[in-house]
Number of protein chains: 2
Amino acid sequence: MQTKYNTVKQAIKSQILAGAYEPNQKISSENELMKEFSVSRHTVRVAIGELVNEGWLYREQGSGTFCTDRSIQESRNQQSKKSIAIITTYISDYIFPSIIRGAESYLSENGYQVNLYSTNNDIENEKRILESILSQQTDGVIIEPTKSAFTNPNINYYFNLERTNIPYIMINAFYDELEPICLIMDDEKGGFIQTEHLIKHGHKNIVGFFKTDDIQGIKRMKGYIKAHRKYQIPINPKNIISYYSEEKRTKPKDELEILLSAQTDVPTGLVCYNDELALLLLDVLRDKNLKVPNDISIVGYDDSFLAEASEVKLTTVKHPKNKMGEAAAELIVDLVQKNNQNNKDNKEYETIIYDPELVIRKSTKKISDDET
Amino acid sequence: MQTKYNTVKQAIKSQILAGAYEPNQKISSENELMKEFSVSRHTVRVAIGELVNEGWLYREQGSGTFCTDRSIQESRNQQSKKSIAIITTYISDYIFPSIIRGAESYLSENGYQVNLYSTNNDIENEKRILESILSQQTDGVIIEPTKSAFTNPNINYYFNLERTNIPYIMINAFYDELEPICLIMDDEKGGFIQTEHLIKHGHKNIVGFFKTDDIQGIKRMKGYIKAHRKYQIPINPKNIISYYSEEKRTKPKDELEILLSAQTDVPTGLVCYNDELALLLLDVLRDKNLKVPNDISIVGYDDSFLAEASEVKLTTVKHPKNKMGEAAAELIVDLVQKNNQNNKDNKEYETIIYDPELVIRKSTKKISDDET
DNA sequence: TCCGATTTGTTCGTATGTATG
DNA sequence: GCATACATACGAACAAATCGG
């Protein structure tokens, strides 16, 4: 695979998939490519030759080499079954299965096949997967964006999906630059009601834990702040703890321990990015011999089955999960069909925003007045 | 048209069309063709290259160039990406994600695509899925059998997979009639060590909960019985509770409550089909105000993250999960490649049986002697 | 219409690497 | 180990088509 011509070939293919060329645009001449890659003309020709054979390029003697226009894919939808790609950030034990379950059942009932990919929270993998989707016949894509809080270097691939007429929708989060159709929660409101619930129960010293490489975490943090503002409770900066995916097993726990060890200003309430984190923090509280909810209240997020796995059933925010998976499947099927029928009806497909709801269980309690 | 390489190309093609070569017969070497047509080797290579591209010939390094057997009009494996189907019984929040995670990462690294299907524990769905796989181009199948304890009416489809040369392997369980290659745990031993652990801690009144529509449950039950036999502890038939998937949320809990309400012979140890069930039963114990492990010991199965989610960390049996997923992926890729190369080497692919190991945590304890 | 620069197409020679039998 | 066959790579030359001036 590490032959020179293959290197050149992959590099050119990558550029095409990244949308570096318009359809029918001329690519660099053989001479330029020779210099660019420091290889002989022969090598360049072999590389281009294969790409021509695979239908990515075409050559015109005396004129140049050009990018094929893949939007006029006549031969695409033949007898082969339709397939939808689902790209997730991580195949977690957590809310992911619920979403997939909803999507899979709808899609398979409607004669679609599910292709599953995981980026493992790595932008490079996302790129690889998008390349693979673009170079195959995929009819639609449901994607959970990787590191959605940051600028995404793969945006070109998304534009290329649009150009190639492959519809895609985003779930849970979205890249700001794209303004795609997406299915999300109102995460800001979610963070707000988590915090408001505690405030209304008399808590004033509330620690918030937020994963800030995803846009969800940032929005929930915003909600946390807004709730404090609304009820005119000052925020102690030490009470906002942000962490990245890689740190999720250590940083929040460590930071909580530090806060609990303080002599003054010991927190009475915890707002967690999700239930998974809440359970981790419960371990810390147990070690410190703090009783939930008597000594300290804790609010989770997602209403996953974890919320009911522990001894103290968690107060948490409801995540649509199944419903979201199914709605995503429905939406993408609609888009694919519209696409095929060339229906230019102006039926507008719009982003669905789910309203968060608090599920009150046993992990939160009105604060007793004799608290500091 | 009268380029030299075209002349050579047409000449060779004519010979093929005239039936000068048997299928898979070797044609003249490049060197011979050079002399025959008085052209350079490069020219010969260009001519042959086009014929290979058009599917008339295929080359084998070190061996020669051969005539394609066009009778086996396999339109299957063209440039299209290879795909592996993973069929699961249910997209659960439980150990399934770990298995998929292992499999997906290996497969995608090796350029395979994952098609995900779920039978939802329904034989009819399994049939539908197998039909879909057979009618498409799928290169291999990893399947977790549905209702493996019962006779499967879809066996013909599995035989058909074999006939169509689509390799498949089974994980977690298998249909007895098929004797397929599979990746399983030694579930009988698993049930044995669960029970033995309790027996060695002095427990004599041990309740076993087993899901008996899967072969795993039946084997674990067998292990439970064997352990009793070995240590010559009589089994109270009331202490074996079997249930089906549909009943998992109610029957075991109800039965446990009945057993705990009894005046005599109150159980001191619980052997659970899996961690998920163990957590459900913990709720019952909590309601009854029984402390784990002081009043009662409980053993889970699978060593899932649930084992560490609760307040009492579960003693449980280790399930390979990730490793199993990855091994399954490796195995199926091997089989697919063997298949493609028509390698009839007698490298035997064999069933892998994982040895269960007990992970001892806090949910089990030596029984105090003053127990009835 | 022709010229010349550019670009792809065809052909040859040569060398080295790697797999097969 | 050896000869044979295909695979990759470089260099050079000329042909044929295109395009702007």
Side-chain angles (χ1 to χ4, degrees), chain A residues 1-13 15-16 20-69, chain B residues 1-13 15-16 21-69 79 337-338 340-347:
Chain A
M1 253 309 186
Q2 50 273 46
T3 57
K4 289 195 184 179
Y5 80 86
N6 226 317
T7 318
V8 177
K9 178 184 166 188
Q10 296 307 331
I12 297 173
K13 186 168 170 184
Q15 287 176 2
I16 299 169
Y21 302 109
E22 298 291 316
N24 303 312
Q25 189 189 326
K26 187 165 171 288
I27 72 164
S28 313
S29 76
E30 294 176 353
N31 246 306
E32 287 164 336
L33 291 169
M34 282 169 66
K35 282 169 203 155
E36 193 176 326
F37 293 99
S38 308
V39 293
S40 70
R41 179 157 171 241
H42 178 79
T43 305
V44 172
R45 280 189 64 76
V46 172
I48 291 179
E50 293 209 348
L51 289 169
V52 168
N53 262 315
E54 289 168 22
W56 297 97
L57 300 172
Y58 62 92
R59 302 196 257 214
E60 276 179 17
Q61 186 175 168
S63 174
T65 305
F66 305 85
C67 186
T68 308
D69 184 355
Chain B
M1 256 306 187
Q2 47 274 50
T3 59
K4 286 197 187 177
Y5 82 85
N6 226 315
T7 318
V8 178
K9 180 183 165 188
Q10 295 308 332
I12 297 173
K13 191 169 168 181
Q15 289 176 358
I16 298 170
Y21 302 108
E22 297 291 315
N24 301 314
Q25 188 189 329
K26 186 164 174 287
I27 71 165
S28 315
S29 76
E30 292 178 351
N31 249 309
E32 288 164 338
L33 291 169
M34 280 169 70
K35 284 168 203 156
E36 193 175 328
F37 293 97
S38 309
V39 293
S40 75
R41 178 149 172 254
H42 187 81
T43 306
V44 173
R45 278 189 64 75
V46 172
I48 291 179
E50 293 210 348
L51 289 169
V52 167
N53 261 314
E54 289 168 23
W56 298 98
L57 300 173
Y58 63 94
R59 301 197 257 212
E60 274 181 20
Q61 186 175 168
S63 175
T65 306
F66 305 84
C67 185
T68 308
D69 184 353
Q79 87 285 26
Q337 279 168 358
K338 185 188 100 180
N340 278 4
Q341 291 162 11
N342 260 334
N343 269 0
K344 292 281 186 243
D345 56 355
N346 32 15
K347 183 176 168 191

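Here is how names work: the chains are called A, B, and so on, in the same order as the sequence lines, proteins then strands, and each is numbered from 1. All values derive from a computational prediction rather than experimental measurement.
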inquiry  = Under 4.0 Å from OP1 or OP2 of C/dG9: is there any side-chain N or O of A/Arg45 that close?
reply    = yes
ask   = Do side-chain atoms of A/Thr7 reach the backbone of A/Thr3 as a donor and acceptor pair under 3.5 angstrom?
value = yes
remark   = In this structure, OG of A/Ser28 is separated from CZ of A/Phe37 (nearest 0.5 Å) by 8.0 Å
query = Using a heavy-atom cut-off of 4.0 Å to chain B, what are the terminal contacting nucleotides of DNA chain D, in 5' to 3' order?
reply = D/dA5 to D/dT8
key: Rounded distance [0.5 Å steps], CD1 in B/Ile12 versus CD1 in B/Ile48   = 5.0 Å
ask   = What is the distance, rounded to the nearest whole Å, between atom OH of A/Tyr58 and atom P of C/dT8?
value = 13 Å
task = To the nearest Å, give me how far apart NZ (A/Lys4) and P (C/dT18) are.
result = 14 Å
ask   = Tell me: NE2 of A/His42 to C1' of C/dT14, nearest whole Å?
value = 12 Å
message = Between A/Ile27 and A/Tyr21, is there a side-chain heavy-atom distance shorter than 4.5 Å?
response = yes
ask   = Any donor-acceptor pair under 3.5 Å joining the side chain of B/Gln61 to the base of C/dG17?
value = yes
ask   = Contacts to DNA chain D from residues 31-40 of chain A, heavy-atom cutoff under 4.0 Å, which residues?
value = A/Val39, A/Ser40
query = Sequence neighbours excluded, which residues qualify as side-chain contact (heavy atoms from CB on, under 4.5 Å) partners of A/Glu50?
reply = A/Tyr5, A/Lys9, A/Glu54
request  = Using only side-chain N and O atoms of A/Arg59, determine if any of them is under 4.0 Å from OP1 or OP2 of C/dG9.
outcome  = yes
ask   = Taking the side chain as C-beta and beyond, is there a heavy-atom pair between B/Arg59 and B/Glu30 under 4.5 Å?
value = yes
query = Distance check: side-chain N/O of B/Thr43 vs OP1/OP2 of C/dC12, anything under 4.0 Å?
reply = yes
task = Rounded off to whole Å, could you give me the OH-to-C1' distance for the B/Tyr5 and C/dC12 pair?
result = 16 Å
task = Rounded to the nearest 0.5 Å, what's the gap from CZ on A/Arg41 to CG on A/Leu33? Could you check?
result = 11.0 Å
query = Got B/Val8 and B/Val46 here, is their nearest side-chain heavy-atom distance under 4.5 Å?
reply = no
ask   = Can you tell if the side chain of A/His42 reaches within under 4.5 Å of the side chain of A/Lys4, non-hydrogen atoms only?
value = no
